[in-house]
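All values below were derived from every heavy atom in this structure, side-chain atoms included, with hydrogens, water molecules and symmetry-related copies excluded. Note that this is a predicted model, so its numbers are computed, not measured.
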Amino acid sequence: MAATVLGTAHLYGVEGTVSNTTVLKFDVKQSCANVASTEDENGKVIERRYDDITYDATITLRLRTSYTLPAIGSTLTYNSIVYEVVEHTKNTVNKGFRELSMTLKKSEGITYS
């Protein structure tokens with residue numbers, strides 16, 4: 001039976017996939033790595049410049065049997081966007097599934113191959 005939605009519709013679930021895993025959670029923060037401002041002779045900020053849009057993300061995966069862990073410094077593509085892998089955090093528990101969290105980064109000025 002299809003889900004029934006009454007009232008305001010919202011987007012549901014996690015978008016995107018990673019091969020041989022199930023994506024449990026994806027968080028991404030967008031900020032500018034290069035922020036500069038200009039002050040006038042009275043010390044008041046009269047101009048602000050934002051440059052080098054940077055994405056800092058965390059992805060949590062439930063691993064399948066044939067998953068290969070990407071090395072730190074390599075790239076991972078999620079939802080058609082290429083990120084650098086910055087950090088790994090493994091989570092294994094008794095009577096539970098193995099999970100892996102990775103910290104990812106994407107900078108506007110870097111071209112990923």
Side-chain angles (χ1 to χ4, degrees):
M1 183 170 128
T4 302
V5 177
L6 303 174
T8 303
H10 293 83
L11 298 176
Y12 183 78
V14 179
E15 62 181 348
T17 60
V18 175
S19 296
N20 299 316
T21 68
T22 301
V23 178
L24 301 178
K25 185 177 180 183
F26 183 75
D27 296 315
V28 64
K29 177 180 82 170
Q30 180 180 350
S31 61
C32 291
N34 186 9
V35 179
S37 60
T38 303
E39 297 177 0
D40 67 9
E41 59 278 356
N42 297 315
K44 293 182 181 177
V45 175
I46 59 171
E47 176 190 36
R48 192 170 290 118
R49 176 190 168 124
Y50 296 95
D51 197 15
D52 189 14
I53 296 173
T54 301
Y55 300 87
D56 293 298
T58 303
I59 189 167
T60 303
L61 308 170
R62 182 162 289 160
L63 306 180
R64 296 182 189 168
T65 56
S66 55
Y67 181 71
T68 302
L69 180 68
I72 293 174
S74 65
T75 59
L76 179 133
T77 302
Y78 179 71
N79 209 24
S80 302
I81 299 173
V82 180
Y83 295 92
E84 296 173 55
V85 177
V86 178
E87 181 179 69
H88 299 144
T89 304
K90 294 180 185 178
N91 179 18
T92 58
V93 295
N94 187 21
K95 296 184 181 180
F97 295 100
R98 293 181 189 178
E99 293 179 3
L100 171 71
S101 292
M102 285 185 273
T103 303
L104 310 172
K105 184 177 282 286
K106 177 180 177 16
S107 296
E108 180 180 29
I110 299 176
T111 302
Y112 302 98
S113 54

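Residues Y67 and V14 fall within the same hydrophobic cluster, defined by Ile, Leu, Val, Met, Phe, Trp and Tyr side chains chained together at heavy-atom separations under 4.5 Å. The hydrophobic cluster containing I81 also contains Y55, counting ILVMFWY residues as joined when their side-chain heavy atoms lie under 4.5 angstrom apart, directly or transitively. V86 and F26 are assigned to two separate hydrophobic clusters, defined by single-linkage of ILVMFWY side chains at heavy-atom distances under 4.5 Å. Hydrophobic clustering (side-chain heavy atoms under 4.5 Å, transitive across Ile, Leu, Val, Met, Phe, Trp, Tyr) keeps F97 apart from V18.
Of all non-hydrogen atoms in S107 and Y112, the two that sit nearest each other are N-OH, 3.2 Å. V23 and G16 make their closest contact through CG2-O, 4.4 Å (heavy atoms, listed as atom of the first residue, atom of the second, distance). Residues Y50 and C32 approach most closely at CB-SG, 3.5 Å, considering heavy atoms.
Contact of the I59 side chain with the Y83 side chain is not registered, since no non-hydrogen atoms from C-beta on lie closer than 4.5 Å.
Tested against L61 for a side-chain contact (heavy atoms from CB on, under 4.5 Å), the candidates T21, L69, T22, L24 yield a single pass: T21.
Screening residues 65-79 for salt bridge (Lys or Arg N to Asp or Glu O under 4.0 Å) gives no qualifying pairs among residues at least two apart or on separate chains. Listed by first and then second residue, the side-chain hydrogen bond (donor to acceptor under 3.5 Å, both in side chains) pairs involving residues 29-40 are T38-E47 (not counting sequence neighbours). Counting only residues at least two apart or on different chains, the salt bridge (Lys or Arg N to Asp or Glu O under 4.0 Å) pairs with a member in residues 102-113 are D56-K105. Here salt bridge (Lys or Arg N to Asp or Glu O under 4.0 Å) pairs that include residues 61-72, with residues two or more places apart or in two chains, are R62-E99. Residue pairs meeting the salt bridge (Lys or Arg N to Asp or Glu O under 4.0 Å) criterion with at least one partner in residues 71-81, sequence neighbours excluded, do not occur; the list is empty.
A search for side-chain hydrogen bond (donor to acceptor under 3.5 Å, both in side chains) contacts involving N20 returns S66, not counting sequence neighbours. Taking S74 as the reference, P70, A71, V85 meet the side-chain contact (heavy atoms from CB on, under 4.5 Å) condition, with sequence neighbours excluded. When the side-chain hydrogen bond (donor to acceptor under 3.5 Å, both in side chains) test is applied to T60, the partners found at least two apart in sequence or on another chain are S101. Considering only residues two or more places apart in sequence or on other chains, K90 meets the salt bridge (Lys or Arg N to Asp or Glu O under 4.0 Å) condition with none of them. By the side-chain hydrogen bond (donor to acceptor under 3.5 Å, both in side chains) test, R48 is found to be paired with no residue, residues two or more places apart in sequence or in another chain being considered. Under the rule for a side-chain hydrogen bond (donor to acceptor under 3.5 Å, both in side chains), the partners of T103 that lie at least two apart in sequence or sit in another chain are E87. Applying the salt bridge (Lys or Arg N to Asp or Glu O under 4.0 Å) criterion to D52, with sequence neighbours excluded, gives no partner residue.
A distance of 7.5 Å separates CG of L100 from OG1 of T89, quoted to the nearest 0.5 Å.
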